[in-house]
Amino acid sequence: MVAKSNPATRHIVSINDLSDDEIETVFETAQGYLDLLPDKTFPYRIGRSTDVASPFILATLFYEPSTRTRLSFESAMLRLGGDVITSADPATSSAAKGESLADSVRVVANYADVLVIRHPRDGAAKLAAEYSPIPVINGGDGAHEHPTQTLCDIFTLRTKNKSLKGRNIAISGDLRGSRTIHSFVYALARFGANIMLMPAAGMGLPAHVDHRLREEFGCRTVSRDSYQRENAAVDALYVTPEEPHQLSLMSDIDADVSVKIRNKIDAVYVTRFQKERWAEKDQAYPTIDAKFLKEAKYSDASVMHPLPRVGELDISLDTDDRAVYFQQAAYGVPIRMALISLLLGLHKEKSFTTFDGGFPAPKTTIYQQPMGTGIHCANPNCIVQEPMEAQYAKNKFYAIGLDDPARSKLRCAYCESDIEHFVTANRKTKTYFSDTDHLRAAIASRALDDIILFANAAEAERAGFHAKRDATARRTGSGAPSTD
Ligand code: NCD
């Protein structure tokens with residue numbers, strides 16, 4: 001018998017698996033470790049160890065290169081007095097023999113108490129979590145998310161007395177392929193920051209991240225022109241939250257400061273070209289250097305980078321007071337000490353052993369159908385596209401925004417990318433419909449087993465379904481799939 005995943009086990013796959021209060025708790029706890037175990041010379045460095053986690057083992061299961069994430073997780077566990085086991089090179093693990101992620105996770109879960117996973121496929125952390133009886137922390141899954149990097153990033157801004165509410169955060173580079181950016185923008189929106197997108201050509205945010213920012217995180221897009229009219233010095237696309245979900249991350253700064261000087265940039269976050277995620281390896285890419293940052297609007301901007309940098313952030317900035325990227329990396333230890341210890345329930349007053357719902361997601365229904373039939377995730381890098389892994393994944397989607405035809409879509413439960421066009425077929429009547437009323441009605445009447453979704457009419461027809469005029473359902477008043 002294999003160890004079974006327990007639905008109550010807490011996992012951190014996305015930054016949105018943590019509520020705003022929990023993010024605050026991570027920061028308080030990390031600061032507590034910095035105060036308790038200081039290094040006299042470097043205030044951002046943990047200088048000593050404790051033994052609170054001595055009975056516990058952390059496993060790192062890394063299928064992609066890493067320096068900071070793996071070593072800072074391991075350092076964090078060792079600083080807590082726990083032990084570490086690691087599989088850092090897929091070439092020397094059973095992955096090289098073709099073992100699936102689901103099997104590896106179920107095996108390693110017997111050897112450790114908490115598991116950190118990094119994988120080149122989007123959605124791999126979610127799949128791992130589905131099979132793991134111990135907490136899984138996402139250390140980066142493809143181009144999807146990297147939640148613990150975001151915790152380091154926001155904590156760094158916080159130590160610079162920069163609460164996020166009303167701050168102007170510019171983000172430069174590969175916004176499509178950088179998982180750090182995807183977790184980061186969700187957090188920025190949640191805490192009320194303004195996000196300025198400065199993508200390299202053709203490397204803007206993925207459509208599903210953009211949808212979520214506008215439809216779930218209360219952001220509104222402001223055109224370059226209208227923004228420039230109000231703020232002559234700013235020249236990038238601007239997105240600003242309408243309803244920040246928390247007024248401010250910090251209470252001890254003047255949160256109005258950025259409102260007064262709207263054209264000031266508070267941070268510039270730079271990322272490298274994620275060439276491992278692009279077919280075309282040779283693309284034009286912006287460089288951030290002292291000349292770029294000379295403009296007055298950047299005079300107080302923290303210069304951030306998750307690292308590694310490979311030329312897009314000039315090394316002459318290392319001695320610039322605005323540079324905080326090595327601090328972001330250093331904070332990986334206290335932040336990850338905090339997260340591990342909270343997940344293991346090592347603190348009396350606070351614990352992440354149960355899930356408090358994270359960021360309140362919109363109400364969605366999971367639609368699931370057998371693999372090998374009907375619609376599939378369209379993201380070629382999704383974990384479900386790997387035939388070995390797909391055997392263990394479920395073919396499931398969140399049905400989003402069905403009340404509004406302009407917004408209705410399916411969202412892959414693993415990589416969270418969206419499918420905007422699909423047709424709904426009824427197994428009983430052998431008919432298919434191209435509007436979303438029928439899926440909505442099937443959800444309402446709990447008749448999802450009668451439904452099969454296809455990417456388009458041609459696929460539905462190939463599978464033996466025939467078109468039903470959408471007006472039929474409307475005439476019946478219910479919108480339910482016809483059963484005649
Ligand atoms: C990032 C990653 O792996 O996504 N690195 C990190 O964890 N600090 C950024 C990158 O590789 O560009």
Side-chain angles (χ1 to χ4, degrees), residues 10-20 22-31 33-34 44 46 53 58-80 82 84 86 88 112-119 122 124-126 128-129 132 134-159 178-188 190-191 249 269 271 304-308 324-344 352 355 358-359:
R10 183 79 196 268
H11 307 288
I12 311 294
V13 169
S14 161
I15 190 68
N16 300 318
D17 289 333
L18 293 165
S19 66
D20 291 358
E22 286 180 329
I23 291 177
E24 191 61 43
T25 300
V26 172
F27 293 162
E28 269 166 29
T29 310
Q31 189 58 53
Y33 284 125
L34 282 162
Y44 41 82
I46 292 284
L58 172 100
T60 49
L61 195 50
F62 275 49
Y63 296 85
E64 237 193 10
S66 171
T67 301
R68 273 151 294 277
T69 304
R70 186 172 64 82
L71 294 182
S72 64
F73 261 114
E74 294 182 7
S75 173
M77 190 55 167
L78 295 170
R79 289 298 197 195
L80 287 169
V84 169
T86 189
D113 304 290
V114 57
L115 174 60
V116 185
I117 184 155
R118 169 169 286 192
H119 198 280
D122 307 4
K126 170 83 172 175
S132 177
I134 63 170
V136 169
I137 304 175
N138 182 2
D141 60 333
H144 175 226
E145 279 210 45
H146 193 344
T148 62
Q149 179 64 45
T150 292
L151 294 173
C152 300
D153 301 339
I154 302 176
F155 187 70
T156 304
L157 286 173
R158 176 192 162 105
T159 64
S178 297
R179 54 198 174 202
T180 61
I181 297 299
H182 307 153
S183 300
F184 189 50
V185 292
Y186 294 143
L188 292 181
R190 281 171 57 178
F191 289 112
L249 262 182
Y269 195 105
T271 54
M304 308 182 76
H305 196 305
L307 300 176
V324 299
Y325 30 92
F326 286 107
Q327 287 165 50
Q328 281 171 265
Y331 284 134
V333 177
I335 285 289
R336 289 170 174 125
M337 288 171 80
L339 195 59
I340 294 166
S341 61
L342 288 161
L343 280 169
L344 290 174
F352 286 4
F355 183 41
F359 178 74

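Please read these numbers as outputs of a predicted model, since none were measured by experiment.
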Is there side-chain contact between F73 and I340, with at least one heavy-atom pair below 4.5 Å? yes
Does the S183 side chain pair with the main chain of H146, one donor and one acceptor, at a distance under 3.5 Å? yes
Taking side chain as C-beta onward, heavy atoms only, is Q328 less than 4.5 Å from Q149? yes
Would you check if the side chain of S341 reaches a backbone N or O of M337 as a donor-acceptor pair within less than 3.5 Å? yes
Within-4.5 Å side-chain heavy-atom neighbours: I23 and R190: yes
Side chains of F352 and P135 in contact at under 4.5 Å (non-hydrogen atoms): no
Report the distance from atom CD1 of I134 to atom CG of L343, rounding to the nearest 0.5 Å. 10.5 Å
Checking side-chain polar atoms at under 3.5 Å, does E74 have a donor or acceptor matched by the opposite partner on T86? yes
Are D113 and L58 packed together at the side-chain level, in the sense that at least one heavy-atom pair is separated by less than 4.5 angstrom? no
Start with the C-alpha distance between R10 and I12, add both sets of side-chain angles, then the distance that settles side-chain contact (heavy atoms from CB on, under 4.5 Å), and finish with yes or no. CA-CA 7 Å; R10 183 79 196 268; I12 311 294; 4.1 Å; yes
If you take all heavy atoms of A330 and Y44, which pair is closest and at what distance? CB-CD1, 3.5 Å
Over all heavy atoms of both residues, which pair between D153 and M304 is shortest? Give the atoms and the distance, please. O-CE, 3.4 Å
Hey, could you give me the CD/CG distance between E22 and L339, rounded to the nearest 0.5 Å? 9.5 Å
Mind listing the closest non-hydrogen atom pair of V136 and A125 along with its distance? CG1-O, 4.2 Å
Look up atom CG in D17 and atom CZ in F355, then write down how far apart they are to the nearest 0.5 Å. 5.0 Å
Residues that Y63 engages under ring pair (Phe, Tyr, Trp, His ring centres under 6.0 Å), provided they are two or more places apart: H119
For P65 and R118, the nearest pair of non-hydrogen atoms, with its separation, is O-NH1, 2.9 Å
Step by step, would you call I15 with F359 a side-chain contact (heavy atoms from CB on, under 4.5 Å)? CA-CA 8 Å; I15 190 68; F359 178 74; over 6 Å; no
Taking only residues two or more places apart in sequence, or in another chain, which ones meet L78 in a side chain to side chain contact (heavy atoms under 4.5 Å, CB included)? V84
Which atom names give the shortest non-hydrogen contact between T159 and T156, and what distance separates them? OG1-O, 2.7 Å
Roughly how far, to the nearest 0.5 Å, is the CZ atom of R158 from the CD atom of E24? 4.5 Å
Please state whether the rings of F155 and F27 are parallel, tilted or perpendicular, taking 30° and 60° as the class boundaries. tilted
I117 CD1 to I137 CD1 distance, which is reported to the nearest 0.5 Å: 11.5 Å
Side chains of I154 and T150, heavy atoms from C-beta outward: is any pair under 4.5 Å? yes
Taking C-beta and beyond as the side chain, do H11 and K126 meet within less than 4.5 Å on heavy atoms? no
Report yes if the side chains of S72 and Y331 come closer than 4.5 Å at any heavy-atom pair, otherwise no. no
Between F62 and V116, does the side-chain contact (heavy atoms from CB on, under 4.5 Å) criterion hold? Intermediate values first, please. CA-CA 8 Å; F62 275 49; V116 185; 3.8 Å; yes
Output, in order, the C-alpha distance, side-chain angles, deciding distance and verdict of side-chain contact (heavy atoms from CB on, under 4.5 Å) for L151 and L18. CA-CA 10 Å; L151 294 173; L18 293 165; 4.0 Å; yes
To the nearest 0.5 Å, atom CG of L307 lies from atom OG1 of T180 at 10.0 Å
Grab the two heavy atoms, one from P334 and one from A30, that are nearest each other, plus how far apart they are. O-CB, 3.5 Å
Give the intermediate values and the outcome of side-chain hydrogen bond (donor to acceptor under 3.5 Å, both in side chains) for residues S14 and E145. CA-CA 6 Å; S14 161; E145 279 210 45; 2.7 Å; yes
